[in-house]
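This report concerns only the one structure given below.
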Amino acid sequence: MTEVALDIAALPRSGKTLVRTSGYRLEVLSRSLAAIVGGFILASGVAMIIAALLAQGVQARGPAIASGTLVSWLFWTGGAMWAFYARRHWAAWGWLVVPGSALWAAGHVIGFGG
Amino acid sequence: MGQVSKDAGGFHGAFRQSISWMHTWVGLVLGVVLYFMFVTGTTGYAQHEITRWMKPELGLQTNFETPHDTAAMAEAALATTLANLPSAPLIYLTLPVTGRDGTGYVNIYADSPPAPEGQEPAEAYEAQLSATTLQPIDPAEVRETGGGQVLYTMHYNLHYIPFESLTLFGFTLPAWPTLIVGIATMFMLVAIITGIVVHKKIFADLFTFRPGKGQRSWLDAHNLSSVLALPFMIMITYSGLIMYTYDYMPTVKAAAYGVGDAVDTARVDCELHEYGCFKRAPTGERAALAPLSPMIARAEVAYPDAEIKWIDIFNAGDTAATVDIWPSGGDLSGGSTFISFDAVTGEVLGTKGARQDNPVGRVGDVLLALHEGNYAGPMLRWMYLLTGAVGAAMVATGLVLWSTKRRQKLKATERADLGLAFVERTNVGIIAGLLIALASYFWANRLLPVGMEGRADWEVNVMFLTWGAMLTHAALRPARKAWAEQWLLAALAFGLIPVVNAVTTDIHLGATLAAGDWVLASFDLSMLGLAAFFALAARKAASRADRSASSQPSAATSVMEPAE
Amino acid sequence: MIWIVSGLLTLAGLSALALSQSKHHKPVMGTLPTIRRVRSLRVGGWLALALAAGFCVQVLGAGYGLVVQTALLNAAGVAVALILTYGFGQVQGGRGQTRSAANRR
């Protein structure tokens with residue numbers, strides 16, 4: 001029975017309160033936003049810090065910026081997956097927004113020397 | 001399997017379930033956009049071939065092996081352009097490449113000079129020049145059509161959606177179509193990675209296909225189409241994302257170069273995009289352009305294994321004019337290397353090689369080259385088309401899998417809920433309907449009157465009207481019948497295209513095969529091939545519809561697969 | 001030409017790898033494979049794939065060659081799957097059940 005109960009797609013539509021409550025829908029919304037927005041913040045932070053670090057002591061900044069930006073998508077995807085794995089939805093937000101913002105700030109401070 | 005793990009976290013108490021849930025929903029929510037993108041991307045890849053078929057007045061072409069005279073084409077194209085637009089700030093020439101894009105013409109695009117205060121700028125100059133006659137193709141002699149290019153453009157710009165952007169807090173978002181397509185691509189990336197994570201038996205089931213078992217069969221089909229083509233799927237998705245990456249992830253670029261009017265676009269172009277590095281601001285003094293032939297000869301020496309494909313001329317007629325010449329070879333650096341000339345003296349200003357100091361950038365360039373697929377020879381081009389079709393099938397089987405799985409979970413007396421009924425029906429209209437709509441686009445090309453006003457727009461309107469009609473049909477018919485009927489319609493719609501072609505033009509299959517114009521012949525033959533495939537699908541769908549009609553108990557009581 | 005050579009090698013290699021799995025070996029060969037058979041099929045299969053890739057890269061260059069090989073793997077994979085299903089009867093179910101031809105729709 002446990003395996004059926006955990007598969008949301010398999011849950012019968014009537015009866016189980018887990019499926020159709022507003023609390024469930026709110027959580028889906030919150031986590032989805034965390035995935036998109038929070039993931040974006042994390043990805044931006046990673047992009048910033050990578051770009052800033054790579055731009056140090058180098059004349060051409062283009063490669064550094066390209067590297068950071070291109071790689072950031074992996075972190076966006078990972079962050080999005082994390083948003084649905086975190087035990088609590090506000091933990092999802094926290095672990096994406098806080099490190100993301102911190103990295104972004106750090107990258108900004110280090111700067112591009114440009 | 002499916003047991004709650006001891007440290008149960010996640011949205012559904014366990015990692016696998018959360019990721020599985022994500023995979024289902026990112027696929028379902030934007031499945032229609034992704035399916036549309038795969039279908040238009042695949043057909044758009046053959047845009048030049050399709051355009052030639054859609055412009056039968058261009059006639060047959062038989063030279064696919066002997067390279068064209070690049071210098072002659074370029075000189076003729078430039079002469080035509082300057083005759084029509086003497087001081088164009090930007091001229092783009094796209095030359096046909098032997099055996100790799102089936103065109104017989106040079107594509108010309110020239111921007112008009114900026115207009116004085118208060119006046120509208122003149123129209124840009126766009127034309128095609130025949131590679132064999134070196135004469136511009138008279139638009140009055142060829143039917144007005146968007147050709148394959150419209151399909152290609154729809155792949156990343158959709159259609160009917162205004163190309164405008166919203167500005168929030170000083171940041172200009174990407175234009176709406178770009179935004180939607182970008183979000184769909186991001187969802188696709190999540191779908192791929194979650195799909196890999198969640199597919200437990202990825203190696204054990206690598207060659208497994210069990211037809212006739214309901215949901216299990218659809219899952220097998222979905223797995224097969226995704227896993228076997230996985231490198232392509234990862235490549236096409238990630239490269240699609242980085243194609244507009246600075247629109248979707250503007251933060252770093254904004255931090256480095258500023259936003260809005262503060263941005264030095266020339267600097268960004270050269271430093272970041274490595275384009276137009278030797279371009280100079282116009283001085284206002286006139287000077288004649290040096291002949292292109294020596295420049296082209298020089299470029300051909302610099303790139304011995306490639307053909308010249310793109311020539312960009314900046315500020316033609318000015319003393320600061322420059323010419324960038326880009327090769328397109330069978331290697332993956334095409335589109336990222338070029339040689340730049342002073343257009344007045346003909347001297348080399350510099351070259352841009354494949355990004356030597358920028359390994360990540362170079363990977364990005366390679367990915368973009370892979371996505372565009374311009375480097376591919378004829379055989380590989382066919383593989384691109386097939387794999388693109390597999391991608392469309394991947395999305396389609398995923399959509400059908402969702403509704404099949406839901407329906408099989410219903411008990412015998414239960415009716416489908418609104419969500420399931422909606423998805424079941426729209427699936428037919430989306431999947432089969434879009435294909436029928438595509439066929440109708442080609443029908444419209446042959447049947448709409450040649451002199452008709454706004455013909456090109458109406459060809460596309462017919463396509464979307466047909467799609468709408470198919471969605472309506474699917475809404476009104478029971479799902480199983482709708483599948484059978486639409487697949488049959490698809491088979492007829494595609495199968496009769498060579499017939500319509502023969503009746504309305506003289507580039508029909510008999511003529512093209514006899515003359516050796518294998519590009520045009522391939523189009524008609526592909527239509528027949530697709531029709532055969534859809535006929536098969538129609539037969540399977542019809543037998544399934546008959547079976548369910550002959551009072552069989554609901555599918556729910558047949559093979560009930562426990563949750564993955 | 002290279003497509004045919006590498007294509008056939010890839011097909012052979014993937015077929016061997018497929019047959020090394022019992023659920024595919026059984027319908028095709030009639031018996032479950034021995035450990036030795038599995039090992040030799042796997043080694044042979046990977047060898048064929050490596051040869052195919054090697055030929056592609058040598059004839060077509062690294063970048064283009066690897067792309068071609070990837071495309072061949074895709075096509076051959078689909079071919080093997082379809083041949084196993086439609087040529088040799090229904091694949092063994094995940095729980096060891098088979099559907100006989102009589103039950104097959």
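Letters A, B, ... are given to chains in the order of the sequence lines, protein chains preceding strands, and every chain is numbered from 1. When reading the values below, keep in mind they use all heavy atoms of this one structure, side chains included, and skip hydrogens, waters and symmetry mates.
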Rounded to the nearest 0.5 Å, what separation is found between the [atom1] atom of [X] and the [atom2] atom of [Y]?
X       : Y        : atom1 : atom2 : value
A:Ile65 : B:Tyr246 : CD1   : OH    : 7.0 Å
A:Arg87 : B:Ser18  : CZ    : OG    : 11.0 Å
A:Met81 : B:Ile193 : CE    : CD1   : 6.5 Å
A:Ser32 : B:Met22  : OG    : CE    : 8.0 Å

Under 4.5 Å from any heavy atom of chain A, what part of [X] do you find: side chain, backbone, both or neither?
X        : result
B:Met249 : both
B:Tyr248 : both
B:Val363 : neither

Could you look at [X] and say if it's the side chain, the backbone, both or neither that has a heavy atom under 4.5 Å from chain B?
X       : result
A:Ala47 : both
A:Leu54 : neither
A:Ala35 : neither
A:Trp82 : neither

All side chain to side chain donor-acceptor pair (under 3.5 Å) counterparts of A:Trp95, not counting sequence neighbours: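 By the side chain to side chain donor-acceptor pair (under 3.5 Å) rule, A:Trp95 matches no residue at all.
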
task: Could you tell me whether a side-chain N or O of B:Tyr238 sits under 3.5 Å from a main-chain N or O of A:Leu70, the two making a donor and an acceptor?
output: yes

- prompt: Do you know which two heavy atoms are closest between B:Val252 and A:Ser44, and how far apart they sit?
  reply: CG2-O, 4.5 Å

message: Does the plane of the ring in B:Trp21 sit parallel, tilted or perpendicular to the ring in A:Phe84? Use 30° and 60° as the thresholds.
response: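 It falls in the tilted class, 30° to 60°.
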
- prompt: Would one find more than 12 heavy atoms of other residues, nucleotides or ligands at under 6.0 Å from atom CZ of B:Phe338?
  reply: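 Yes - once you tally the heavy atoms of other residues, nucleotides and ligands closer than 6.0 Å, there are more than 12.
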
query: Under 6.0 Å from the CG atom of B:Leu418, do we count more than 12 heavy atoms belonging to anything else shown?
result: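 Atom CG in B:Leu418 is not crowded, with 12 or fewer foreign heavy atoms closer than 6.0 Å.
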
- prompt: So A:Val28 and B:Trp25, side chain to side chain contact (heavy atoms under 4.5 Å, CB included) or not? Walk me through it.
  reply: CA-CA 11 Å; A:Val28 170; B:Trp25 287 100; over 6 Å; no

- prompt: Where along residues 181-192 of chain B does a heavy atom come under 4.5 Å of chain A, listed by residue number?
  reply: B:Met186, B:Leu189, B:Val190

- request: Could you have a look at B:Gly364, B:Ala256, B:Ala255 and say which one has the most heavy-atom pairs with chain A under 4.5 angstrom?
  value: B:Ala256

